[in-house]
K.L.:
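Just dropping this structure here.
Heads up: numbering here begins at 1 and tracks the sequence.
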Amino acid sequence: MSVENSLKQQMLNAVPHLRAFAISLAGSVDKADDLVQSALLKGLSNLDKFQPGTSMQAWLFTILRNDFLTQTRRRKREVEDPEGSWAEKVAVMPDQGARLDFTDMLKALSKLPVDQREALLLVGAEGLSYEDAARICGTNIGTIKSRINRARNRLTEILKLDADGDLGPDNLVKAALFMHASP
């Protein structure tokens, strides 16, 4: 009998012991059978790594145990969710839409007159009060409010937005167009 055939016979002889060990680990005959099959396949594909003179059964036990531990760690990170209800709760909005909205907003802002853009960014993006924005721009509060109102209206036109429906989850767009700063 060749060395390879002898090793394969040793593998076959270890199957009942592997199965008993797998059942004790997995707690289920079906899962145990899957573990044994996986261990045997890995053992066969790595037969060249087996060191003759050592215990085939111990080598296969090690493969089976490592496979079991890997699966157990993986299951800890996974959540059974056959109806998808948990997945719906953790869904993340794709970021490409926000990036495109941001790019569109930057282009639209560049089309505004400097005084309107400045007032809008100071109050909307920086969160300054109308008073602080007026002080920075060297004008009065009414002028700042007027500039911001005209800027919002112009951005709505440039971006072709319906103020009630077209704004998505992007807070930058919402803040720039519809911010409510304290007077």
K.L.:
Can you tell me how far apart OG (S110) and CD1 (I158) are? Round to the nearest 0.5 Å.
P.N.:
8.0 Å
K.L.:
Considering residues at least two apart in sequence or located in another chain, which fulfil the side chain to side chain donor-acceptor pair (under 3.5 Å) criterion with T139?
P.N.:
T143
K.L.:
Looking at side-chain heavy atoms only, is the closest gap between L60 and L64 below 4.5 Å?
P.N.:
no
K.L.:
Is the closest basic N to carboxylate O distance between D132 and R135 below 4.0 Å?
P.N.:
yes
K.L.:
Return a table of donor-acceptor pairs under 3.5 angstrom between the side chains of residues 10-21 and protein atoms on other chains or two or more places apart.
P.N.:
from, atom 1, to, atom 2, distance (Å)
N13, OD1, Q9, NE2, 3.0
N13, ND2, Q9, O, 3.4
R19, NE, D33, OD1, 2.6
R19, NH2, D33, OD1, 3.3
R19, NH2, D33, OD2, 3.4

K.L.:
Restricting to side chain to side chain donor-acceptor pair (under 3.5 Å), what partner residues turn up for R150, sequence neighbours left out?
P.N.:
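Side chain to side chain donor-acceptor pair (under 3.5 Å) list for R150, sorted by chain: S146.
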K.L.:
Whether the side chain of S38 engages the backbone of D34 through a donor-acceptor N/O pair (distance < 3.5 Å, no angle test) should be reported.
P.N.:
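No; judged by distance alone, with no hydrogens or angles, the pair does not exist.
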K.L.:
Just jot down the side-chain contact (heavy atoms from CB on, under 4.5 Å) partners of E118, sequence neighbours excluded, or say none.
P.N.:
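If we apply the side-chain contact (heavy atoms from CB on, under 4.5 Å) test to E118, skipping adjacent residues, the hits are L122, C137.
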K.L.:
Taking side chain as C-beta onward, heavy atoms only, is T54 less than 4.5 Å from W59?
P.N.:
no
K.L.:
State, yes or no, whether a side-chain contact exists between I63 and N46 at a heavy-atom distance under 4.5 Å.
P.N.:
no
K.L.:
Using side chain to side chain contact (heavy atoms under 4.5 Å, CB included), reason through Q71 and L35 one step at a time and then give a plain yes or no.
P.N.:
CA-CA 10 Å; Q71 289 178 20; L35 280 170; 3.9 Å; yes
K.L.:
Only counting residues at least two apart or in another chain, list the ones meeting side-chain contact (heavy atoms from CB on, under 4.5 Å) with D104.
P.N.:
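Only L159 meet the side-chain contact (heavy atoms from CB on, under 4.5 Å) criterion with D104.
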K.L.:
Check whether any side-chain heavy atom of L155 lies under 4.5 Å from a side-chain heavy atom of L120, and answer yes or no.
P.N.:
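Sidechains of L120 and L155: in contact.
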K.L.:
Within this structure, what is the NZ-OH distance for the pair K145 and Y130, rounded to the nearest 0.5 Å?
P.N.:
6.5 Å
K.L.:
State which residues pass salt bridge (charged side-chain N to carboxylate O under 4.0 Å, His left out) with R117; sequence neighbours excluded, sorted by chain then number.
P.N.:
none
K.L.:
Do the side chains of Q37 and L40 get nearer than 4.5 Å, heavy atoms only?
P.N.:
no
